[in-house]
Amino acid sequence: MLEIRDLYKSYGKTVALDGVDLDVAKGETVVIMGPSGCGKSTLIRCVNRLTEPDRGSIVLAGQDVLALSGRELQRFRRQVGFVFQHFNLIARLTALDNVMFHLVLGGMDREEAREKALDALDKVGLKGAAARRPSELSGGQQQRVGIARALVTNPEIMLWDEPTASLDPILVGEVLEVMEELVQNTGTTMVIVTHEVSFALRAADRIVFMDQGRVVEQGPPQQVFSEPRSQIGRLYRKLLLN
Amino acid sequence: MLDFFRDGFYKDLALLLAITVLFGAVFSQGIAWAIDAYFGDTLDQMIGGYGEYDLILHIRAEAKEAAWRELQRIGEQSFPGYKLNETLTIAGQANVFFGLPPEYRTKEVLESITSYFGAVPGLNGYTLMVQPSVLIRGVHPGVREELREQIEALPGVRFAVKDGNNLVVLAQGEDQLPQVQEAIEGILDQYQILELRFPMGFAVDTQEVGDRALEVLRAQEKLTGNRYLNVTSAQYGEDLDAFLKTLVEMRDFLGSYASKVRIAPAAGTALAVGERLVLDGAVQAGQELIVEVTGVFGDLAEGMIIQGSPVQSTDKVVHTGYRLSADGERGEYVGEVEIENERYRLAYAVEESLRLLAELEELAVQASAAVDNAEAVLTTFQEALMQLEVLQVQMRQLNEGIAQSEGKPSGEQFLLTLLLNGLFQTLAQSVLSSGEESLDSLENLDIEEMRRSLDGISTQIANVQEINVAAIMEQIGFVRDTLPDLSDAEIGQSIRLINTYLGGQVIPGERVQLLIQGQKLNEKELEKLFQKELDHPYLHTYSTSAGMVSPDARGEIFRILKEVRSIVAGLLAIIFTLIVLVLDHATIFSTLKQLRAGKKGAVRPWLRWADPLLLMGGILGSALLSSIYHLARGQIPFFTPAVIAVLGFALGVLVAVLCERFSPVDSMELMAAQALGLSHVQIMREVVIPPSRPGLLNLLNRFRQQF
């Protein structure tokens with residue numbers, strides 16, 4: 001489904017990605033973990049070209065992502081759901097509009113888009129908050145709107161960029177709950193960047209540890225947490241055991 | 001970066017630019033026009049519309065109502081169809097516009113304004129504002145008529161009117177004013193007034209020196225062909241000249257009545273002109289007697305009483321003088337001060353004359369009566385003399401008879417002869433002997449001559465009596481009454497005041513003015529020449545024009561207003577461009593900055609100023625400002641189109657550099673919009689522009705945004 005090869009990205013003298021190779025199979029849930037600044041977010045932003053890699057290749061569902069431009073890129077992005085750490089909702093729009101507006105702009109009939117958006121909100125448990133603006137919602141609710149927005153297009157792949165990192169610990173649970181449910185029920189390919197070890201253990205098909213812009217270890221959750229080979233793996237194991 | 005515009009936003013941007021330029025031009029021009037219109041209307045109210053009125057009559061505010069009625073009367077009687085309007089009253093002076101009907105805008109009428117309006121109550125003066133006209137200020141009186149003739153011969157000129165020291169040249173039409181003005185300037189350029197000034201105290205004969213100066217000029221080979229004229233006498237104008245002469249006479253007249261103060265300084269005492277002395281001695285009650293030294297001549301000095309009054313005396317009065325310090329303190333003794341008052345003497349002489357005349361009249365009456373008496377006496381005397389002669393003859397006959405009767409006596413005759421012979425003979429003999437002599441001597445008196453003399457005296461007395469002594473006395477009495485009823489101090493102060501005025505009016509030193517027509521002369525070169533040839537090393541020369549075309553005040557105000565409008569339009573164009581860049585374009589620049597943040601490669605420091613975004617900002621700013629400035633007809637001094645383009649570029653770059661401060665874009669919303677697969681135009685319309693600063697971009701976007 002997703003093939004990332006030899007991906008490089010630097011910001012000035014800071015190397016964010018240093019030859020990353022990663023494969024994600026269709027329907028697979030991959031959780032990427034690693035310390036802050038290791039390149040996790042950069043990696044998944046490169047997948048939908050929110051960040052332009054310096055070199056390497058990304059192939060998603062047979063499409064050379066880095067070769068896309070203009071409308072092709074826009075069309076490609078509509079097939080990729082992206083959930084942001086800071087929700088990135090449009091502040092002036094209601095929850096419903098936040099979820100449906102890109103459908104309408106993509107050419108969908110407004111009523112149909114509305115139905116789909118309400119469905120998506122229903123899935124994340126926020127149908128009743130459809131008319132509220134982001135400022136009227138809690139952080140968890142905002143993130144759930146963000147999830148509904150990513151989900152509403154039935155994307156081939158969903159990219160999660162630390163979806164709970166900005167949330168109050170009390171609110172993390174409700175988001176993780178939604179995420180786990182989606183992982184279990186939608187069958188969508190998911191690449192999730194998170195520090196939630198327990199969530200990763202429960203939801204991931206594969207865990208990828210990154211450090212200093214490189215993939216240092218990957219494997220099924222039980223394997224990487226029980227017999228970690230990398231320093232990062234061992235740190236996460238310790239965290240899990242604690 | 002071009003990708004950003006390529007997917008459709010270029011249309012929005014193009015529309016924005018077009019409307020921005022249009023709106024900016026309309027806004028800038030509109031505001032400038034409104035300011036212009038406002039001030040224009042205000043000016044119209046203050047000074048009337050162009051050509052609407054021909055005169056501003058300056059009238060004392062308190063006489064305004066009476067003047068208004070009089071002006072209406074004059075208008076109805078002399079200028080049917082006149083226009084009258086009141087404008088501002090400033091500092092107690094009301095100003096009234098008077099518009100002449102076109103048929104009365106003639107040279108004759110305009111030069112006779114005073115005769116028409118001179119009797120308007122409270123009139124302080126007037127200003128000609130007839131249009132279309134060219135005003136020539138400060139026309140030298142010596143060349144005025146000559147200029148007028150030449151100017152009136154110019155095409156497009158109706159006539160020229162003298163207005164004080166100015167000439168008002170009326171053009172046939174407003175469109176001909178520039179040509180007329182140019183031609184007038186050409187004429188004025190031919191003339192030059194060369195002024196020769198002498199230092200204060202040099203009282204030169206201006207006619208003589210002027211003529212000599214003309215000879216010097218004419219002798220210069222390189223200056224042949226020029227025309228020269230001594231116009232010194234015309235420099236003040238006839239009225240002022242006469243006035244100054246009157247003042248001088250008045251000063252001398254007053255001076256002759258003032259007490260003569262002669263100061264004999266004590267040994268070792270030096271006096272200076274302007275010093276003040278306080279005098280002791282006989283003075284009238286009141287203030288101290290103070291004199292000011294007006295001249296020092298060796299051992300003597302002269303002065304003038306400036307305070308107090310001396311005793312009234314026809315004789316010299318001697319006082320003791322003491323120096324008076326500036327703070328009024330009496331100082332040391334300076335000498336004896338002798339005061340002689342001609343005014344008192346004159347008054348005394350006039351009184352005595354009146355007495356003399358009164359006595360003379362009486363004397364004439366008495367003399368006439370005496371002559372009449374003398375004539376009567378003379379007549380009586382003449383008659384008596386004749387009787388005496390008859391008596392003498394009779395006595396002689398009697399004597400002869402007596403002598404003859406002595407030979408033939410009768411009885412009675414004899415008796416009578418006896419009686420008379422003794423008596424009469426004795427008498428007749430004695431009478432005859434003495435009477436003969438007396439009569440002879442009386443007969444020798446020239447009675448006729450005496451009578452003629454008396455007649456002559458009588459005629460002269462009659463002549464004297466015919467003189468109207470009463471009239472003479474009345475007039476001498478009038479002279480007595482009109483003698484200045486001023487104290488010496490008042491006379492002194494008046495003389496000082498006149499001197500001050502004369503000092504202000506009459507330029508220090510003497511001056512000679514020469515009119516030069518033709519080639520322009522260098523005054524500084526001529527200065528040396530004149531210093532040498534006229535033998536006046538301290539002489540200076542100055543050159544002035546014979547008259548100066550003055551911009552029409554009204555036209556000038558409107559020209560300034562037009563300039564102000566252009567400047568305001570220009571400034572508004574700059575401000576508008578800056579506002580548009582900050583409110584609208586900064587949003588676009590911010591978005592571009594955000595979008596390129598994730599692009600490949602880092603910007604090299606040396607390439608920072610070649611940043612395409614800054615370049616785009618500069619070009620946009622330059623294009624916007626140049627277009628708006630041009631369409632708004634902005635015109636700021638020194639702001640050429642190139643300067644405006646550079647300024648616009650600089651503003652654009654500045655806004656591009658600071659765009660995120662002026663109009664920050666929510667990077668998270670932007671990233672979300674990108675991640676959701678929105679096109680750039682959709683991102684702008686739905687995500688970036690709606691929450692941006694209110695501006696044209698925001699306003700236009702409302703017609704396009706769907707959410």
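Every chain is numbered from 1 and lettered A, B, ... according to where its sequence line falls, protein lines coming before strand lines.
When each of A:Q79, A:R71, A:M100, A:R78 is scored by its heavy-atom pairs under 4.5 Å with chain B, the top score falls to A:R78. Between chain A and the residues B:P691, B:P690, B:A673, the largest count of heavy-atom pairs under 4.5 Å involves B:P690. Heavy-atom pairs under 4.5 Å with chain A were tallied for B:Q706, B:R685, B:H680; the largest tally goes to B:Q706.
Using a 4.0 Å cut-off between charged side-chain N and carboxylate O, B:R596 and B:D611 make a salt bridge.
There is no contact between A:L103 and chain B, counting heavy-atom distances below 4.5 Å. Only the side chain of A:R110 comes within contact range of chain B, with at least one heavy atom under 4.5 Å from a heavy atom of that chain. Looking at A:L93, only its side chain comes within 4.5 Å of chain B, counting heavy atoms on both sides. Neither the backbone nor the side chain of A:R75 comes within less than 4.5 Å of any heavy atom of chain B. Both the backbone and the side chain of A:A91 come within contact range of chain B, judged by heavy atoms closer than 4.5 Å.
Looking only at distances, a side-chain donor or acceptor of B:S590 sits under 3.5 Å from a matching main-chain atom of B:S663.
Ring-plane geometry between B:F576 and B:F23 is classed as tilted, the angle between the planes lying from 30 to 60 degrees on a 0 to 90 degree scale. A tilted orientation is assigned to the rings of A:F82 and A:F84, their planes being inclined by 30° to 60°.
Shown are B:R565, B:K562, B:Q29; of these, the side-chain hydrogen bond (donor to acceptor under 3.5 Å, both in side chains) with B:D36 is made only by B:R565.
Counting only heavy atoms from C-beta outward, the side chains of A:I192 and A:F199 approach each other to under 4.5 Å.
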